[in-house]
Amino acid sequence: EYINNSPDDLDEMYFHLWPNAYKNQSTAFAKQKLEDGSTKFYFSKESERGYIDGLNFKGNEKTLTLTYDSVHVDICKIQLAETLKSGDTLNITTPFHVKIPKSFSRLGHVKQSYQITQWYPKPAVYDAKGWHPIPYLDQGEFYSEYGMYDVKITLPKNYVVGATGDLQNQDEQKWLNEKAAETAKIETFEKDTDFPESSNEMKTLHYKQQNVHDFALFADKRFHVLKGRVQLPNEGKSVTTWAMFTNEEAKL
C-alpha cells in the first residue's frame, strides 16, 4: 500500500530490484567490488549469482507497464494506469521469484545458512528533489521508504530464525526461550560447524512490525541463542535483545 505523501501528483513510480545486483559482472555492485579490490564476485560462476524475476506489477488490480533502467538492471520504472494524486493511496502487487546468491554481500547463503536482505521489490523514495532510484551498493543503499510489514516464512522446523519485527507464534517464542536457557549453560562451545539434516516437518513463522525501514531475516539450523534486555537511557523503556550464532562465532 503506497501513500503519496508528497504535494505532487505521480504518473510513474520507481522500484529497487536489488537482488539483480548479483545478476552479472556489469552491475554497479560488481563494479564497486572491483574498485574495492575484490574479484570474488567478478569471477564467480553463473550458478553462484542471484537475481529477481517473475514480476507482474498491478495497481488497484490494473496491470502496469514495467521498464528496466537502461544502465542499472536492479532499478525499474512502472507507469501508473491513473495519476496518483497527492494524499491518495495505491495498492500495488506483484509476484516475484528470487534466486539467492552465494554470500558475496548482504543477501546470500553460505551452504544451508541464509541471510535474506534487500530481497523484494521496494519503492524508491520520492522527495522534494524527485525520485531517487539507486542501484545496490554494499557501501550504502539505505535511502528508502519506511513501512508496515506483515510477513510469513515457511521453512524446516529445526531452523532458528532471527527476523525483523515481533514474532507472533507463541510456540516458537517458547522454543527460542528454551534454546536461550540451554545456551546460557554452555561453558565451552564445540568446534563443529556441520549442518544437521533439515527436519521433514515444516513451520510457518509470522512477523509484524510498524514504521520500520526494511525487513530482513537470518536462518541457520546451527544457531545457538542468547536473550537479554537493554534499558533505553531516556525513555525508561527496556528492549529485548537476541544473539544468534554458530560455534564459529561463539568467541565473539
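The figures here come from the full heavy-atom set of this structure, side chains too, leaving out hydrogens, waters and symmetry mates.
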For atom [atom1] of [X], is the number of surrounding heavy atoms from other residues, nucleotides or ligands below 6.0 Å larger than 12?
| X | atom1 | value |
| --- | --- | --- |
| Asn200 | CG | no |
| Phe195 | CZ | yes |
| Gln173 | CD | yes |
| Lys237 | NZ | no |
| Glu197 | CD | no |

Taking [X] for the side chain and [Y] for the main chain, is one N or O donor matched with an acceptor at less than 3.5 Å?
| X | Y | answer |
| --- | --- | --- |
| Lys122 | Asp214 | no |
| Asp9 | Ser86 | yes |
| His16 | Gln118 | no |

Any side-chain donor-acceptor pair under 3.5 Å between [X] and [Y]?
| X | Y | value |
| --- | --- | --- |
| Thr240 | Lys227 | no |
| Asp11 | Thr83 | yes |
| Tyr126 | Asp8 | yes |
| Ser44 | Arg49 | yes |

Pair Asp74 + Lys23: basic N to acidic O under 4.0 Å: no

Salt bridge flag under 4.0 Å for residues Glu178 and Lys174: yes

Hydrophobic clusters here meaning ILVMFWY residues chained together by side-chain heavy-atom distances under 4.5 Å, can you tell me if [X] and [Y] are in one?
| X | Y | value |
| --- | --- | --- |
| Leu107 | Val212 | yes |
| Trp242 | Phe215 | yes |
| Ile100 | Leu217 | yes |
| Met202 | Ile116 | no |
| Leu80 | Tyr68 | yes |

Chi angles and distances behind the side-chain contact (heavy atoms from CB on, under 4.5 Å) call for Asp127, Tyr143: CA-CA 11 Å; Asp127 65 13; Tyr143 189 42; 2.7 Å; yes

Chi angles and distances behind the side-chain contact (heavy atoms from CB on, under 4.5 Å) call for His72, Asn20: CA-CA 9 Å; His72 301 294; Asn20 275 349; over 6 Å; no

Which residues share a ring-ring contact (aromatic ring centres under 6.0 Å, His included) with Tyr2, sequence neighbours left out: none

Heavy-atom closest contact (Pro19 atom, Ile52 atom, distance): CB-CB, 3.8 Å

Closest non-hydrogen atom pair between Arg222 and Ser113, with its separation: NH2-CB, 4.0 Å

Stepwise ring pair (Phe, Tyr, Trp, His ring centres under 6.0 Å) check, Phe104 with Tyr22: CA-CA 8 Å; Phe104 298 104; Tyr22 305 92; 7.0 Å; no

side-chain contact (heavy atoms from CB on, under 4.5 Å) evaluation trace for Lys179 with Phe223: CA-CA 9 Å; Lys179 289 191 77 68; Phe223 275 158; 5.9 Å; no

From CA spacing to verdict: ring pair (Phe, Tyr, Trp, His ring centres under 6.0 Å), Phe57, Phe15: CA-CA 11 Å; Phe57 281 99; Phe15 273 79; 4.9 Å; yes

Residue pair Asp166 / Gln209, side-chain heavy-atom distance below 4.5 Å: yes

Salt bridge (Lys or Arg N to Asp or Glu O under 4.0 Å) between Asp53 and Lys99, worked out: CA-CA 9 Å; Asp53 63 10; Lys99 179 181 179 295; over 6 Å; no

Evaluation steps, side-chain contact (heavy atoms from CB on, under 4.5 Å), between Glu172 and Val161: CA-CA 10 Å; Glu172 188 75 5; Val161 177; 5.5 Å; no

Members sharing Ile186's hydrophobic cluster (side chains within less than 4.5 Å): Phe189, Leu226, Phe245

